[in-house]
Amino acid sequence: QEAFVRLHPVKRVIITLAGPTANLAAAVLCVSILRGEDMGYWSAALHAVSVTGQVIEQTWRAMALLDIQRFHGPVDIAVQAQEAFMGGWRDVLIFSAVGHYGIFALNMLPLPVLDGGRAIMIAYEIITGRLLPEQVRKTALIASAMFLFLLLVAVTFKDLGQIMTK
């Protein structure tokens, strides 16, 4: 952690956004492969980029509304993965693309425990020339981690309830 903080802030932003960028690139690649035979791979890649904005907007809108019914937790993701693998390679690519988009959108939320929040804290440092006070950082990290944990628990119970009622 100390070595990371000693890096130039721009380098820290690049490192912080590398993971989400890789998820986004993987999603675009999956969609490009799926649609490439139909529309040509270059057109498919452009289509994938346009779909990206829609998927991210829908995910963030669901997060902003805390619409638990639109979230998929580990239980539902495991069920969907099993269905995708039973459906063939196209279904696996669709599942993979949706998963990568979802991870990207979640990771870019402005919560300090996630990459989006970390990037905002680094941007604050770039703008003001100083780090956020340590107590503020710790409190924000703990609060955002607790929020994500509670969200995970709620979504898992929702998923289990749906399985039990089938």
Side-chain angles (χ1 to χ4, degrees), residues 1-36 41-42 44-68 70-78 80-81 84 92-156:
Q1 180 67 16
E2 283 185 35
F4 182 73
V5 173
R6 285 194 306 263
L7 292 173
H8 189 277
V10 173
K11 285 184 181 179
R12 284 188 280 141
V13 168
I14 292 169
I15 292 168
T16 297
L17 298 179
T21 302
N23 276 301
L24 189 58
V28 168
L29 179 63
C30 289
V31 173
S32 299
I33 291 169
L34 282 167
R35 299 295 308 266
Y41 291 102
W42 181 249
L46 294 175
H47 170 74
V49 170
S50 71
V51 167
T52 299
Q54 296 167 5
V55 172
I56 293 166
E57 179 187 354
Q58 290 170 2
T59 303
W60 285 343
R61 185 170 289 146
M63 289 294 289
L65 298 173
L66 282 179
D67 185 357
I68 300 294
R70 294 180 62 188
F71 296 148
H72 303 280
V75 174
D76 191 43
I77 291 170
Q80 289 180 22
V92 170
L93 277 177
I94 292 168
F95 173 78
S96 181
V98 169
H100 283 294
Y101 279 133
I103 292 169
F104 169 81
L106 178 69
N107 223 351
M108 290 307 296
L109 288 172
L111 299 173
V113 75
L114 299 173
D115 291 330
R118 179 172 270 198
I120 288 173
M121 289 192 296
I122 296 169
Y124 171 86
E125 179 187 346
I126 291 169
I127 292 167
T128 65
R130 56 189 165 88
L131 291 170
L132 276 171
E134 186 174 347
Q135 190 59 38
V136 171
R137 281 184 294 156
K138 284 182 180 179
T139 302
L141 285 169
I142 291 169
S144 63
M146 288 176 53
F147 169 75
L148 284 178
F149 176 74
L150 292 173
L151 182 62
L152 176 64
V153 169
V155 171
T156 299

Closest contact, heavy atoms only, [X] versus [Y]:
X	Y	result
S32	A44	O-CB, 3.6 Å
V155	G73	CG1-N, 3.1 Å
L7	R12	O-NE, 3.1 Å
A45	V28	O-CG1, 4.2 Å
H72	I77	O-CD1, 3.5 Å
P20	N107	CG-ND2, 4.0 Å

Could you measure the distance from the [atom1] atom of [X] to the [atom2] atom of [Y]? Nearest 0.5 Å is fine.
X	Y	atom1	atom2	result
R137	L131	CZ	CG	5.0 Å
I15	R118	CD1	CZ	10.0 Å
D115	I120	CG	CD1	11.5 Å
Y101	L24	OH	CG	7.0 Å
L148	L109	CG	CG	8.0 Å
L141	L114	CG	CG	10.0 Å

Verdict with reasoning, T16 to F4, per side-chain contact (heavy atoms from CB on, under 4.5 Å): CA-CA 10 Å; T16 297; F4 182 73; 3.6 Å; yes

F149 CZ: over 12 foreign heavy atoms closer than 6.0 Å: no

Exam field: side chain S144 to backbone V113, donor-acceptor pair closer than 3.5 Å: yes

Test item: T139 side-chain N/O and Q135 main-chain N/O as donor-acceptor pair under 3.5 Å: yes

